[in-house]
Each structure stands twice: as C-alpha cells, then as structure tokens.
Q: 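Once you've had a glance at the structure underneath, I'll fire off some questions.
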Amino acid sequence: MARSQKRKAAAEPQEEAPQPAAKQQKGVDGLPSSNGFKNKEKVLVLSSRGITFRFRHLMLDLVQLVPHAKKDAKLDTKSERQLINEGCTSVMFFEARKHKDLYLWLAKAPNGPCAKFHITNIHTLAELKLSGNHLKGSRPVLSFDATFDQQPHLQLLKEMLTQVFATPKKHHKSKPFFDHVISFSVADGRIWLRNYQVLPNPDKKRPKVDDVTLVEVGPRCCLNPIKMFSGSFGGPVVYENPTYVSPNTIRALLKKQQSGKYAGKVASKAARKQHVADNPLPHDELADVFR
C-alpha cells in the first residue's frame with residue numbers, strides 16, 4: 001500500500017511555487033517606464049576665483065531654487081574647465097572676471113552641449129526684500145515665454161534650463177509641493193529670470209486657478225547668451241550672438257568719450273590763448289591815473 005501511494009504521488013504533477021513579481025521600473029518623475037529610464041539629474045554648482053560678494057550671493061540664491069544641486073569648491077584653473085565634468089550630469093559654472101563681470105557656463109556633462117551667458121541686472125534676495133516667500137526645497141513650476149519655440153537656439157536653451165531647474169520627483173532633498181514659479185522670458189535678445197510665489201486666496205478652502213496670485217520673491221537676473229558649443233566647455237560653435245558687445249568694449253568706448261571731453265577742453269584753452277595773443281587790447285592812457 002505504501003509503494004502504491006508513492007507511485008501515485010510521483011505520477012501527479014507538482015505545483016510550482018509562486019515567484020515574486022518583478023519590480024516595475026520607474027521613469028521620469030517616478031512614473032512607470034518601459035525602457036527603465038529614471039531621472040537622476042545631478043547639478044554641480046561652482047564658481048571661479050575672484051568672485052565678489054554680490055555674485056556669490058546670487059549663486060547661493062540660485063542654489064536654494066535647485067534642491068537637487070550640489071555646491072562645490074572654487075575652481076583654481078581658468079583654462080581646463082573640462083575637469084568639472086566628473087560626477088554630475090549638468091553644470092552651472094559662475095566665472096568672474098576683473099571683479100566686475102559675471103559669466104555663466106550652463107553645460108551638460110560630459111558630452112555637451114553648453115552655453116555661455118553674460119549675467120547683468122543682478123538683484124539678490126538680500127537687496128530686494130520682497131514680500132513673497134515660499135517653502136525651501138519645494139518643486140518649481142517652470143514658465144517659458146512663447147518665443148522659446150520660435151528659434152532653434154532658444155529651443156535648445158529651453159531644454160537645458162528645464163533639465164537644470166526642474167527638480168526630479170521624490171528627490172530626497174525636495175518637498176512634494178508646487179508653491180513657486182520660475183519664469184523665463186525673452187526680451188531684447190536676452191533671457192530674464194524671475195521667481196514668484198503662488199499665493200492662493202485665503203478666504204476660499206479650494207481656490208481655483210483664477211483665484212491664485214503671484215508675488216515676486218527673487219532673485220532677479222538677466223542672461224545674455226554669447227555662444228553655444230556642441231561639446232561640454234568647448235567644441236564647435238553651434239550659435240553665436242551677433243548683437244553681443246563685451247563689457248570691456250563698452251568700458252573702452254566710455255573712456256574714449258571721456259578722453260575726448262578732456263581733449264576738447266585742452267584745445268579750447270589753447271585756442272583762447274592764441275586768440276588773446278593775436279588780438280591784443282589797445283593801450284589805455286587813463287589806466288595809470290589812480291595808481
């Protein structure tokens with residue numbers, strides 16, 4: 001009997017143990033993805049030597065707007081910028097020159113592309129002291145002007161700015177709230193950056209879109225594009241701004257105008273002396289009467 005029971009058990013098909021389901025990979029912003037892509041954007045922020053306090057404050061203000069960024073030490077070299085491409089996917093490199101001019105290198109590491117900007121109209125949070133305020137580390141809503149879709153180089157800049165300033169979903173340093181808007185507008189061939197707080201109507205529990213107002217927080221700055229390269233910190237030039245004038249040229253023209261004023265004063269004095277010498281006053285007979 002025991003042998004027959006063993007034969008019946010061997011003849012019956014054995015049920016396979018249930019295997020655990022494969023972990024579903026997530027893509028951009030934590031959504032399920034079939035190709036296994038996940039947003040692992042890492043932004044490196046650093047500056048060069050000789051940066052002033054206003055430029056440093058602007059850099060720190062922008063770091064607060066990008067919670068997935070990491071601030072690094074100052075770069076000692078001025079020529080070998082390719083050393084920055086290690087351990088990151090995007091780079092914001094602030095380069096100061098002559099303690100007067102600030103340039104921004106926005107690059108995708110390690111293969112590019114990259115863009116070089118001249119930063120003007122700088123206003124930091126400490127200078128503005130506006131009434132707007134938002135949660136530190138919250139995810140921003142990026143707002144781009146419609147002009148970005150009209151030209152190819154602006155389309156590329158829009159994609160680069162999106163990858164740098166868009167905080168990945170569920171990042172360990174971010175907070176799952178959308179309470180501020182970073183605006184990028186194009187005017188006079190330049191990109192104007194503004195930061196606003198999304199302020200709902202306190203009288204309504206569930207405010208609609210029309211009931212929300214924007215209050216500026218800061219900082220403010222203007223990005224004037226100079227050149228765009230196909231590589232990271234180098235390579236063939238993809239775009240060059242034909243209307244850009246370097247600040248050194250502007251300062252040289254101002255000095256030339258000031259020197260022209262001084263030369264005019266010297267020439268007028270010399271002409272006056274020559275006129276007095278050519279036209280002497282006649283001798284007055286009564287000039288020595290009261291002496």
Side-chain angles (χ1 to χ4, degrees), residues 28-31 39 41 43 45 54-69 71 90 92 94 102 104 106 115 117-151 153-225:
V28 182
D29 292 339
L31 298 178
N39 189 0
E41 189 72 24
V43 182
V45 181
R54 292 186 71 250
F55 298 161
R56 185 177 68 254
H57 290 175
L58 176 65
M59 181 182 66
L60 296 178
D61 293 342
L62 292 178
V63 168
Q64 293 182 2
L65 298 180
V66 187
H68 59 287
K71 185 180 177 300
S90 300
M92 293 177 65
F94 294 85
L102 181 63
L104 171 63
L106 195 67
F117 302 92
H118 178 218
I119 303 181
T120 57
N121 299 336
I122 297 174
H123 299 281
T124 61
L125 288 173
E127 295 175 354
L128 293 174
K129 296 181 180 179
L130 298 173
S131 60
N133 189 15
H134 62 81
L135 191 64
K136 183 179 180 181
S138 60
R139 302 178 64 197
V141 176
L142 302 183
S143 174
F144 289 92
D145 190 5
T147 314
F148 279 95
D149 298 329
Q150 298 178 1
Q151 299 181 13
H153 72 281
L154 292 178
Q155 294 177 0
L156 180 58
L157 289 177
K158 177 182 178 180
E159 182 63 27
M160 294 176 65
L161 291 171
T162 302
Q163 295 185 16
V164 170
F165 286 91
T167 305
K169 188 176 181 180
K170 296 184 180 181
H171 192 270
H172 64 281
K173 289 187 178 180
S174 67
K175 297 179 177 61
F177 304 103
F178 292 95
D179 61 348
H180 67 109
V181 178
I182 300 179
S183 172
F184 298 95
S185 304
V186 178
D188 299 332
R190 305 183 182 187
I191 300 175
W192 301 80
L193 187 147
R194 297 291 186 270
N195 182 30
Y196 300 94
Q197 176 196 3
V198 178
L199 188 64
N201 191 352
D203 298 334
K204 297 184 179 181
K205 295 183 179 180
R206 294 183 179 180
K208 298 181 181 179
V209 180
D210 299 336
D211 300 331
V212 174
T213 58
L214 297 179
V215 181
E216 187 174 359
V217 182
R220 299 176 182 174
C221 65
C222 177
L223 305 178
N224 189 8

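Computed from heavy atoms alone, side chains included, the values below leave out hydrogens, waters and symmetry copies.
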Q: How long is the gap from CZ on Arg190 to CG on Asn224, to the nearest 0.5 Å?
A: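 It comes to 4.5 Å.
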
Q: Once you round to the nearest 0.5 Å, how far does CG of Leu102 lie from CG of Leu58?
A: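 So the CG of Leu102 and the CG of Leu58 are separated by 6.5 Å.
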
Q: Judged by modelled atom types alone, do Glu159 and Gln163 share a side-chain donor-acceptor pair under 3.5 Å?
A: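 Yes, a side-chain donor-acceptor pair sits under 3.5 Å.
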
Q: Do you know which of Gln64, Arg220, His134 makes side-chain hydrogen bond (donor to acceptor under 3.5 Å, both in side chains) with Asn195?
A: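 Checked Gln64, Arg220, His134 against Asn195; only one passes side-chain hydrogen bond (donor to acceptor under 3.5 Å, both in side chains): His134.
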
Q: Below 30° counts as parallel, above 60° as perpendicular, anything between as tilted: where do the rings of Phe184 and Phe144 land?
A: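 Phe184 vs Phe144 ring planes: parallel.
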
Q: Closest heavy-atom contact between Ser174 and Arg139?
A: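 Heavy-atom minimum between the residues: CB-CG, 4.4 Å.
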
Q: Hey, mind stepping through Val43 and Phe165 against side chain to side chain contact (heavy atoms under 4.5 Å, CB included) and telling me if it holds?
A: CA-CA 9 Å; Val43 182; Phe165 286 91; over 6 Å; no

Q: Distance check, rounded to the nearest 0.5 Å: Cys221 atom SG versus Arg194 atom CZ?
A: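 Going from SG on Cys221 over to CZ on Arg194, the span is 8.0 Å.
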
Q: Nearest 0.5 angstrom please: Met92 CE to Phe117 CZ, how far?
A: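 With rounding to 0.5 Å, CE (Met92) is 9.5 Å from CZ (Phe117).
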
Q: Taking all non-hydrogen atoms of both residues into account, name the closest pair between Glu41 and His68 and its distance.
A: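 So the two residues come closest at O-CD2, 3.8 Å.
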
Q: Any chance you could measure Asp149, atom CG, to Leu154, atom CG, to the nearest 0.5 Å?
A: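 With rounding to 0.5 Å, CG (Asp149) is 9.0 Å from CG (Leu154).
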
Q: Let me have the donor-acceptor pairs involving side chains of residues 119-127, under 3.5 Å, with sequence neighbours excluded, atom names and distances please.
A:
{"unit_1": "Glu127", "atom_1": "OE1", "unit_2": "Arg54", "atom_2": "NH2", "d": "3.4"}
{"unit_1": "Glu127", "atom_1": "OE2", "unit_2": "Arg54", "atom_2": "NE", "d": "2.8"}
{"unit_1": "Glu127", "atom_1": "OE2", "unit_2": "Arg54", "atom_2": "NH2", "d": "3.3"}

Q: Report the C-alpha distance between Asp203 and Asp211 in whole Å, list the side-chain angles of each, state the deciding distance to 0.1 Å, and finish with yes or no for side chain to side chain contact (heavy atoms under 4.5 Å, CB included).
A: CA-CA 10 Å; Asp203 298 334; Asp211 300 331; over 6 Å; no

Q: Compare every heavy atom of Ser90 with every heavy atom of Val164, then report the nearest pair and how far apart it is.
A: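 Smallest heavy-atom distance, with atoms named: CG2-CB, 3.9 Å.
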
Q: Applying side chain to side chain contact (heavy atoms under 4.5 Å, CB included), run through Asp145 and Trp192 and close with a yes or a no.
A: CA-CA 10 Å; Asp145 190 5; Trp192 301 80; over 6 Å; no

Q: About how many Å separate CD of Glu216 and CD of Gln197, when rounded to the nearest 0.5 Å?
A: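 Reported value, rounded in 0.5 Å steps: 11.5 Å.
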
Q: Walk me through it: do Val45 and Val66 pass the test side chain to side chain contact (heavy atoms under 4.5 Å, CB included)?
A: CA-CA 10 Å; Val45 181; Val66 187; over 6 Å; no

Q: Considering all heavy atoms of both residues, which atom of Asp179 and which atom of Ser138 are nearest to each other, and what is their separation?
A: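 Closest pair (atom of Asp179, atom of Ser138, distance): OD1-OG, 2.5 Å.
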
